[in-house]
Amino acid sequence: MYINDKNIKLPEDPNTIVWKYLDLSKFVDLLLYKKLFMSRSDKFEDQYEGTFSEPTFEEIRKLSADKPAFLDYYKTHRKNVVISSWHINEYESFAMWQIFTQKSEGLAIQSTLGRLQKSLIPEINYEQHIGEVNYIDYKKEYIPFDNAFFPFLFKRKSFQYEREIRIISDLRAHNLSIDNGLKIDVDISQLIEKIYIHPKSENWYKNLVIDLSRRLGFNFSIEKSDLESDILI
């Protein structure tokens, strides 16, 4: 489901390429259980995740002067929102390999916005929404708060390199006990278009990923990243 609001952008082309960089254990977990992990929003490394910019917070603070529960709601809301992050890029990202994989191991899932949307299996208890992150100056720019998803679709400009699209679910109405996050059902064959193996990995690692994928019943294309290919002179 789209978040339909002028403040939230999303690429119009369903063929827009998106990526997820992860280690082998998380990849196997995804294939084995056919579930995508979504992290609790307040567990991200960025402490500003799900918070407001200074101009917005000042407005909320004034509104909550005689309504303390109004501000308390936003303070606790982050514990009930879960997120799966994806990277928009036509090509592989050297920075993403460095940040999200370790040493010479890890892999990248290549998908598209359209495939990502179609892979989501409607949940009985809650909905998934997809939106593209806006990167702003938190000291000067305003974040709307008339939609509960807005704080989770804005980040500081220092994170622009992430070029992030997010799947977001708000679980506050369902009385769920969420630790670090939860897993949602997904159609793996729809979700994954291609797999790229870490550019510094050895052949045995690529063969291991191929073998694991085949044993679990999947036949998507798997190849080694060419970011470390031979220099031609």
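Start at 1 with the first residue, then count along the sequence. None of these values were measured; they are calculated from a predicted model.
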Heavy-atom side-chain contact between [X] and [Y] under 4.5 Å:
X	Y	result
Asn219	Arg214	yes
Ile130	Leu120	yes
Leu153	Ile143	no
Ser53	Lys139	no
Leu212	Leu31	no
Ile83	Glu49	yes
Leu227	Glu92	yes
Trp86	Leu116	yes

Counting only heavy atoms not in [X] (residues, nucleotides, ligands), do more than 12 fall under 6.0 Å from its [atom1]?
X	atom1	value
Tyr33	OH	no
Lys26	NZ	no
Asn203	CG	no
Phe94	CZ	no

If you round to the nearest 0.5 Å, how far is CD1 of Ile99 from CD of Glu45? 9.5 Å

Can you tell me how far OG of Ser169 sits from CG of Leu182, rounded to the nearest 0.5 angstrom? 7.5 Å

Would Phe27 and Leu32 count as a side chain to side chain contact (heavy atoms under 4.5 Å, CB included) if you check the C-alpha gap in whole Å, the side-chain angles of each, and the deciding distance to 0.1 Å? CA-CA 9 Å; Phe27 177 66; Leu32 187 61; over 6 Å; no

Side chain to side chain contact (heavy atoms under 4.5 Å, CB included) between Ile222 and Ile197, worked out: CA-CA 7 Å; Ile222 300 174; Ile197 309 298; 3.8 Å; yes

Does the ring of Phe220 carry Arg115 above it, NZ/CZ under 6.0 angstrom from centre and within 45° of its axis? no

Nearest atoms (heavy-atom pairs only) where [X] meets [Y]:
X	Y	value
Ser201	Lys224	O-NZ, 2.5 Å
Pro11	Leu113	O-CD2, 3.4 Å
Tyr138	Tyr48	CD2-CD2, 4.1 Å
Ser119	Gln190	N-CG, 3.7 Å
Tyr142	Ile136	O-CD1, 4.5 Å
Ile178	Arg40	O-NH1, 2.9 Å

Under the salt bridge (charged side-chain N to carboxylate O under 4.0 Å, His left out) rule, what do Glu58 and Arg61 come out as? Steps first, then yes or no, please. CA-CA 5 Å; Glu58 185 60 26; Arg61 189 182 63 80; 2.4 Å; yes

Are any of the side-chain nitrogens in [X] or [Y] under 4.0 Å away from the carboxylate oxygens of its partner?
X	Y	answer
Asp46	Arg156	yes
Asp42	Lys79	no
Lys155	Glu162	yes
Asp29	Lys183	yes

Ring-plane angle category for Tyr21 and Trp97, please: parallel below 30°, perpendicular beyond 60°, tilted otherwise. perpendicular

Polar side-chain atom of [X] near backbone of [Y] as donor-acceptor pair, under 3.5 Å:
X	Y	result
Ser221	Lys194	no
Lys20	Ser85	yes
Thr101	Leu22	no
Trp19	Asn89	yes

Verify whether the ring centers belonging to Phe149 and His129 lie closer than 6.0 Å. yes

For a salt bridge (charged side-chain N to carboxylate O under 4.0 Å, His left out) check, start with the C-alpha distance between Lys35 and Asp185, then their side-chain angles and the critical distance, and finish with the verdict. CA-CA 4 Å; Lys35 289 179 180 289; Asp185 293 320; 2.5 Å; yes

Ile167 vs Leu36, test: side chain to side chain contact (heavy atoms under 4.5 Å, CB included). Steps then yes/no. CA-CA 10 Å; Ile167 305 169; Leu36 179 67; 3.9 Å; yes

Using the rule that Ile, Leu, Val, Met, Phe, Trp and Tyr join whenever any side-chain heavy atoms are under 4.5 Å apart, tell me whether Tyr91 and Tyr161 fall into a single cluster. no

Give the cluster check for Phe100 versus Phe37: same hydrophobic cluster or not, with ILVMFWY residues linked at side-chain heavy-atom distances below 4.5 Å. no

Run the side chain to side chain contact (heavy atoms under 4.5 Å, CB included) check on His87 and Arg163 step by step: do they pass? CA-CA 6 Å; His87 172 69; Arg163 301 185 62 189; 4.0 Å; yes

